[in-house]
2 protein chains.
Amino acid sequence: MDTTTALQMLKKKGYKYTGKREQMVHIFEREGRYLSAKEMLEFMQKEYPGLSFDTVYRNLSLFEQYGILEVTEWSGEKKYRLACSSHSHHHHLICTTCGKTTAIDLCPMNAILGEPQNFQITGHKFEIYGHCEECMRN
Amino acid sequence: MDTTTALQMLKKKGYKYTGKREQMVHIFEREGRYLSAKEMLEFMQKEYPGLSFDTVYRNLSLFEQYGILEVTEWSGEKKYRLACSSHSHHHHLICTTCGKTTAIDLCPMNAILGEPQNFQITGHKFEIYGHCEECMRN
DNA sequence: GATGTAAATCGTAAATGTTACGTTTTACAT
DNA sequence: ATGTAAAACGTAACATTTACGATTTACATC
C-alpha cells in the first residue's frame, strides 16, 4: 500500500488528509522496516520540530486499526511497519538491530489446521529474530 | 524443573536459597501458565505482605537468565512461565485471558532450516493466541 | 553457636513507553 | 467565507520496568 492510497482510504472513512499523516506513512514506505514510536517521532521531528508524541501514537493506532500498519512487540516496545498487503499471508525474518525484515512464504498454521481442540484461535505469531547481513558486520 | 532443583542449581552458582525465591518458583509450578510480574507480586504478597516489587522483578530476571523461566511478551507486558525443559523443543497455544498454555509438538523452524541467507538467526517465536475452553465460557 | 561478609531485600526514586485530556488549530464540506 | 468536526498541541497521568542507597539475611568460616 502506498502513501496516497492509504490516506485516501482513511479520507473515505471521514478522517482528514494531513501533511503529518502523509509524512508518517511516507517514512514507513521509505524505511521498509519495523519502527518504534520513538524512531518515528525522531524522523518526524526533523520536518515538524514541535511535533507532539501524542500525534505519533494516535496516528500509529489509527493506521494499525485500519490495516495500514502491522504491529509486533519485542524488547518492551511496540514496533510498526507497513502492512504487506500485496502478497499472500506470510511471516518474517526480523533483524532485531535495525528492524529490517525478509518475508518467509511459509505459515506454520497450515500444518496444524484443525488440530487444537477446545481452543478458539484469535491470532498467531511466527517470527524469526536475528541480525541481517549489514548489522552483523557492524 | 521443580522448585528445589531450580534453587539448588542457583545455589551452586553462588546465589542464596531464600524463602521468597522458593515461593516464587513454587507459584509458577502450581499455576502452570504465563504470569505477569504484577500477578506474581499479588500472589507473593499474600504470604509476604510487605514484599518489594524490586524483589519480584530481580528474581524474574535471574530465573530467566538461568533458564528456569521462559519469557514472552504481549499486551505491553512481559509474561513468565516455568521452562518446559522436560520435553523436546516445542511451542504453545496461549490463552491470552488466563495465560494457560497447551504444547504443540511442531516447530516451523524445521521446515525452513538452511533457508535464510545472509541472516544470523538468534531466536524465533511461534505462538498461537486465543481463548481456552474455560475462558471461552466466561 | 558466634562472626563476618556478600547477597538479598526494602523502600523509594527514576526511567521508559503509552494513554488521556482540555485547549487551540486546521481541514474541508457547505 | 464560514462552521464544524477532526487533528494536533502541550502536558499530565498511568503502567511497567529499572535503579540505588540503606538495611537485613543467608550461610561459610571460625
Side-chain angles (χ1 to χ4, degrees), chain A residues 3-4 6-27 34-66 68-69 71-80 96 99, chain B residues 3-4 6-25 34-66 68-69 71-80 96 99:
Chain A
T3 306
T4 311
L7 294 191
Q8 292 293 357
M9 186 266 277
L10 282 181
K11 182 136 202 223
K12 271 182 196 153
K13 307 259 180 190
Y15 297 94
K16 294 182 178 170
Y17 195 120
T18 70
K20 281 158 195 168
R21 285 191 179 147
E22 188 176 48
Q23 180 66 7
M24 275 182 72
V25 182
H26 178 67
I27 288 169
Y34 279 104
L35 297 172
S36 66
K38 196 180 156 199
E39 281 177 299
M40 176 52 68
L41 183 65
E42 280 162 6
F43 277 128
M44 287 294 289
Q45 283 183 332
K46 285 176 188 168
E47 191 144 343
Y48 300 94
L51 188 77
S52 165
F53 60 78
D54 175 89
T55 300
V56 170
Y57 277 103
R58 201 168 10 79
N59 285 331
L60 289 177
S61 290
L62 182 72
F63 294 159
E64 188 208 341
Q65 187 183 337
Y66 284 97
I68 297 167
L69 299 182
V71 62
T72 187
E73 53 186 299
W74 73 80
S75 305
E77 272 182 332
K78 285 182 184 166
K79 324 269 183 169
Y80 299 87
T96 50
Chain B
T3 306
T4 311
L7 293 191
Q8 291 293 358
M9 186 266 277
L10 282 182
K11 182 136 203 224
K12 271 182 196 155
K13 306 258 182 190
Y15 297 94
K16 293 182 180 171
Y17 195 121
T18 71
K20 281 158 195 168
R21 286 190 178 147
E22 188 176 46
Q23 181 67 5
M24 278 183 69
V25 181
Y34 279 104
L35 297 172
S36 66
K38 196 179 156 198
E39 282 178 297
M40 175 51 67
L41 183 66
E42 279 161 8
F43 278 128
M44 287 294 289
Q45 283 183 333
K46 286 177 188 167
E47 189 143 346
Y48 301 94
L51 188 76
S52 165
F53 59 78
D54 175 89
T55 301
V56 169
Y57 278 102
R58 201 170 8 80
N59 284 332
L60 288 177
S61 291
L62 182 71
F63 293 159
E64 189 209 340
Q65 187 183 337
Y66 284 96
I68 296 166
L69 298 182
V71 63
T72 187
E73 52 186 300
W74 72 81
S75 305
E77 270 182 332
K78 284 183 186 165
K79 324 269 182 169
Y80 299 85
T96 50

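All figures in this text were calculated on a predicted structure; none of them were measured in a lab.
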Answer for the Watson-Crick or wobble partner of C:dT30, both distances under 3.5 Å, is D:dA1
Any side-chain N or O of B:R21 less than 4.0 Å from the OP1 or OP2 oxygen of C:dA8?
yes
Can you tell if the side chain of A:Q8 reaches within under 4.5 Å of the side chain of A:Y17, non-hydrogen atoms only? yes
From CG of B:N59 across to P of C:dT9 the rounded distance in Å is 5 Å
Between the CD atom in A:Q45 and the CZ atom in A:F53, the distance rounded to the nearest 0.5 Å is 10.0 Å
Rounded to whole Å, the CD-P distance (B:E77 to D:dT17) equals 6 Å
>> Taking only side-chain N and O atoms of A:K20, does any of them lie within less than 4.0 angstrom of OP1 or OP2 on C:dT26?
In response: no
Side-chain contact check for B:Y57: nearest option of D:dG10, C:dG17, D:dT18 is D:dT18
Next on the checklist: Does D:dA8 have its OP1 or OP2 closer than 4.0 Å to a side-chain nitrogen or oxygen of A:T18?
Outcome noted: yes
For A:K79 and C:dG17, is the shortest distance between a side-chain N/O and OP1 or OP2 below 4.0 Å?
-> no
B:K38 has its side chain closest, among D:dT16, C:dA8, D:dG10, to D:dT16
The residue, B:Y15 or B:K78, whose nearest nucleotide of DNA chain D is more 5′ is B:K78
side-chain N/O B:R58 vs C:dT9 OP1/OP2, d < 4.0 Å
yes
Picking from C:dA8, C:dT12, C:dT19, the nucleotide nearest the side-chain atoms of B:K16 would be C:dA8
| query | What nucleic acid atoms does A:S52 come within less than 4.0 Å of, heavy atoms only: base, sugar-phosphate, or nothing? | reply | base
| So what does A:F53 touch, heavy atoms closer than 4.0 Å: a base, only the sugar-phosphate, or nothing? | base
Residues B:L35 and B:F43: closest non-hydrogen pair is CD2-CE1, 4.1 Å
- Taking only side-chain nitrogens and oxygens of A:K11, does any of them come within less than 4.0 Å of OP1 or OP2 of C:dA29? yes
Quick note, A:D54 side chain, CB onward, closest among D:dA6, D:dT11, D:dC20 is D:dT11
